[in-house]
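For reference, the structure discussed in these notes is given below.
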Amino acid sequence: MLKRLFQYLTLASCALAAAFGAASAQEKSKLDEVLARGSLKVVTLGTAPPFAFKDDKGELVGFDIDMARLIATALFRDPTKVEFIVVTGEGRWPAIESGQGDMGVGGTTVYPDRAIRVAFTRPFIDSGQSILVSKAAGIKSLTDLNNSKFTVANLNNPQMADRAKLHFPQAQLLTFETPSAQFLAVKAGRAHALQIDTPTADHFAASAAKDFEVLPQLLTPSQNNAIYMKPGDFKWWLWLDTFVSELRTGSYYPQYNQIYEKWFGKKAPPQKFYLPPQ
């Protein structure tokens, strides 16, 4: 009897040890992994100006790239402790799901269907969707654009396809994988207009103001661009979300505003209002 009881207690102890061991393994966060590694791996696009793109020297630059370097500074006090993993638009999600990258940026808009696959922080920049047109086409409104004689360059995502059906169903569509390819199509005359994030449209228009302009009517209300990561890791999400909060409303706002002005030529939206006690 005592032998059986001893065997039972031994088995129970082994089971509890295994359970606690599994729990400990599950509790290890990506944050712990990043800190132990001493560097950050960031998934991004490389063709989405002014968020993330390669400049004339072939170097990866942009608003989101500077944000990632600021995260590395917060983690390691060194903006160079970051490795960028450049992918296509659809390649973002498997790169995060597989663990290839710790987090992602690169002009990524928050949509509920995307939140099924990845977790998002609160937004670190507000955006929208606009139409950039070739001035030579004579398009002055969405009503003008809704004509079969015009071709619009879209990105390969369902949201753009849905907006095209809603706002200009008569127009012809060309689909591309990158914003840069969209813009090249308009510059080459293959398309008369393109649909894209408003900051990107403004960036393209500013690069050749005599040839292109952005229609004043937005296709969407305000949208949110955010950091994304593999879901299920609360500690890592909380750190990144806290960082974004400090960017927009707290201790990192001066750095945020400096980067914002650098890429968008205007001040960032004001941080939360503080009135000292009287």
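Note that the structure is predicted; figures quoted are calculated from it, not measured. Sequence positions, counted from 1, serve as the residue numbers for this chain.
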Given the rule in the side-chain hydrogen bond (donor to acceptor under 3.5 Å, both in side chains) test, do Q159 and D113 qualify, once you have shown the distances and angles that lead to the verdict? CA-CA 10 Å; Q159 293 81 20; D113 62 329; 3.2 Å; yes
Those residues at least two apart in sequence (or on a different chain) that pass side-chain contact (heavy atoms from CB on, under 4.5 Å) with T220 are Q129, R163, Q223
Rounded to the nearest 0.5 angstrom, the CG-CG distance for L238 and L31 is 9.5 Å
Co-members of the apolar cluster containing L218 [side chain, <4.5 Å]: none
What residues form a ring pair (Phe, Tyr, Trp, His ring centres under 6.0 Å) with F204, not counting sequence neighbours? F183
Is a side-chain donor or acceptor of D197 paired with a backbone partner of T200 at a separation under 3.5 angstrom? no
Using modelled atom types and a 3.5 Å cut-off, is there a donor and acceptor pairing between side-chain atoms of H167 and backbone atoms of L142? no
Residues at least two apart in sequence or cross-chain that pass ring pair (Phe, Tyr, Trp, His ring centres under 6.0 Å) with Y252, listed by chain then number, are F243
Could you tell me whether the side chain of D32 and the main chain of K28 form a donor-acceptor pair under 3.5 Å? no
Would you kindly confirm whether L70 and W237 end up in one hydrophobic cluster when ILVMFWY residues are joined by side chain heavy atoms under 4.5 Å apart? yes
Approximate separation, where rounding is to 0.5 Å, of T151 OG1 and L173 CG: 8.0 Å
What one should report as the nearest heavy-atom pair of T198 and S127 is N-OG, 3.9 Å
I'd like to check the ring pair (Phe, Tyr, Trp, His ring centres under 6.0 Å) partners of F53; sequence neighbours left out, ordered by chain and number. H203, W263
Checking W236 side chain against K230 main chain: does a donor-acceptor pair fall under 3.5 Å? no
Nearest heavy-atom pair of P231 and A119: which atoms, and what distance? CA-CB, 3.9 Å
In a table with atom names and distances, give each donor-acceptor pair under 3.5 Å that connects a side chain of residues 72-87 to protein atoms at least two apart or in another chain.
unit_1 : atom_1 : unit_2 : atom_2 : d
T73    : OG1    : R69    : O      : 2.9
D78    : OD1    : T80    : N      : 2.9
D78    : OD1    : T80    : OG1    : 2.7
D78    : OD2    : T80    : OG1    : 3.3

Honestly curious: do L35 and M229 fall in one hydrophobic cluster under the side-chain, below-4.5 Å linking rule? yes
Backbone N/O of T175 and side chain of N156: donor-acceptor pair under 3.5 Å: no
Does any part of the side chain of M160, heavy atoms only, come nearer than 4.5 Å to the side chain of I196, both counted from C-beta? yes
Say you draw a straight line from CH2 of W93 to CZ of R117; how long is it, rounded to the nearest 0.5 Å? 8.0 Å
For K57, all residues meeting side-chain contact (heavy atoms from CB on, under 4.5 Å), sequence neighbours excluded: D55, E59
Tracing side-chain contacts under 4.5 Å among Ile, Leu, Val, Met, Phe, Trp and Tyr outward from L174 reaches F176
Does any N or O in the side chain of K135 come within less than 3.5 Å of the main-chain N or O of A209, such that one atom is a donor and the other an acceptor? yes
D64 side-chain N/O to G106 backbone N/O, donor-acceptor pair under 3.5 Å: yes
If you draw a 6.0 Å radius around CD in Q258, do more than 12 non-hydrogen atoms from other residues or ligands fall strictly inside? no
From CA spacing to verdict: side-chain contact (heavy atoms from CB on, under 4.5 Å), I125, Y256: CA-CA 10 Å; I125 185 172; Y256 177 73; 4.2 Å; yes
Applying side-chain contact (heavy atoms from CB on, under 4.5 Å), can you list everything that pairs with K266, at least two apart in sequence or on another chain? Y260, F264
For L145 and A193, the nearest pair of non-hydrogen atoms, with its separation, is CD1-CB, 4.0 Å
If we ignore hydrogens and angles and just use 3.5 Å, is the side chain of N257 paired with the main-chain N or O of K267 as donor and acceptor? no
ILVMFWY network linking W239 to L40, side-chain heavy atoms under 4.5 angstrom: yes
Can a side-chain donor-acceptor contact be found between D233 and S29 if the only test is distance below 3.5 angstrom? yes
Sequence neighbours excluded, which residues qualify as side-chain contact (heavy atoms from CB on, under 4.5 Å) partners of A208? D211, F212
To the nearest 0.5 Å, atom CD of Q100 lies from atom CZ of R92 at 14.5 Å
Which pair of heavy atoms, one from A171 and one from V152, lies closest together, and at what distance? CB-CG2, 4.1 Å
Go through the steps for N224 and D126 under the test side-chain contact (heavy atoms from CB on, under 4.5 Å), then give the verdict. CA-CA 5 Å; N224 303 314; D126 304 318; 3.8 Å; yes
Full working for side-chain contact (heavy atoms from CB on, under 4.5 Å) between R114 and V110: CA-CA 7 Å; R114 291 178 174 179; V110 179; over 6 Å; no
Apart from L166 itself, residues in the same hydrophobic cluster as defined by side-chain heavy atoms under 4.5 Å: none
Taking atom types as modelled, is there a side-chain donor on N154 or Q195 under 3.5 Å from an acceptor on the other? yes
Nearest 0.5 Å, what's the CD1-CD1 distance between I259 and I65? 11.0 Å
Closest non-hydrogen atom pair between A95 and V43, with its separation: CB-CG2, 3.8 Å
I96 with F124, same ILVMFWY side-chain cluster at under 4.5 Å: no
Correct closest heavy-atom pair for P50 and P199 would be CD-O, 3.6 Å
Can you tell me how far apart CD (Q217) and CG (L215) are? Round to the nearest 0.5 Å. 8.0 Å
Do R37 and D102 have side-chain heavy atoms sitting under 4.5 Å apart? yes
Under 3.5 Å, side chain of T249 to main-chain N/O of S245, donor-acceptor pair present? yes
Across all chains, not counting sequence neighbours, the ring pair (Phe, Tyr, Trp, His ring centres under 6.0 Å) partners of F150 are H192
Determine whether V244 and Y228 fall in the same hydrophobic cluster, where Ile, Leu, Val, Met, Phe, Trp and Tyr are linked whenever their side-chain heavy atoms lie under 4.5 Å apart. no
Do V105 and M67 pass the side-chain contact (heavy atoms from CB on, under 4.5 Å) test, and can you show the C-alpha distance, the side-chain angles, and the key distance before you say yes or no? CA-CA 9 Å; V105 288; M67 287 293 106; 5.6 Å; no
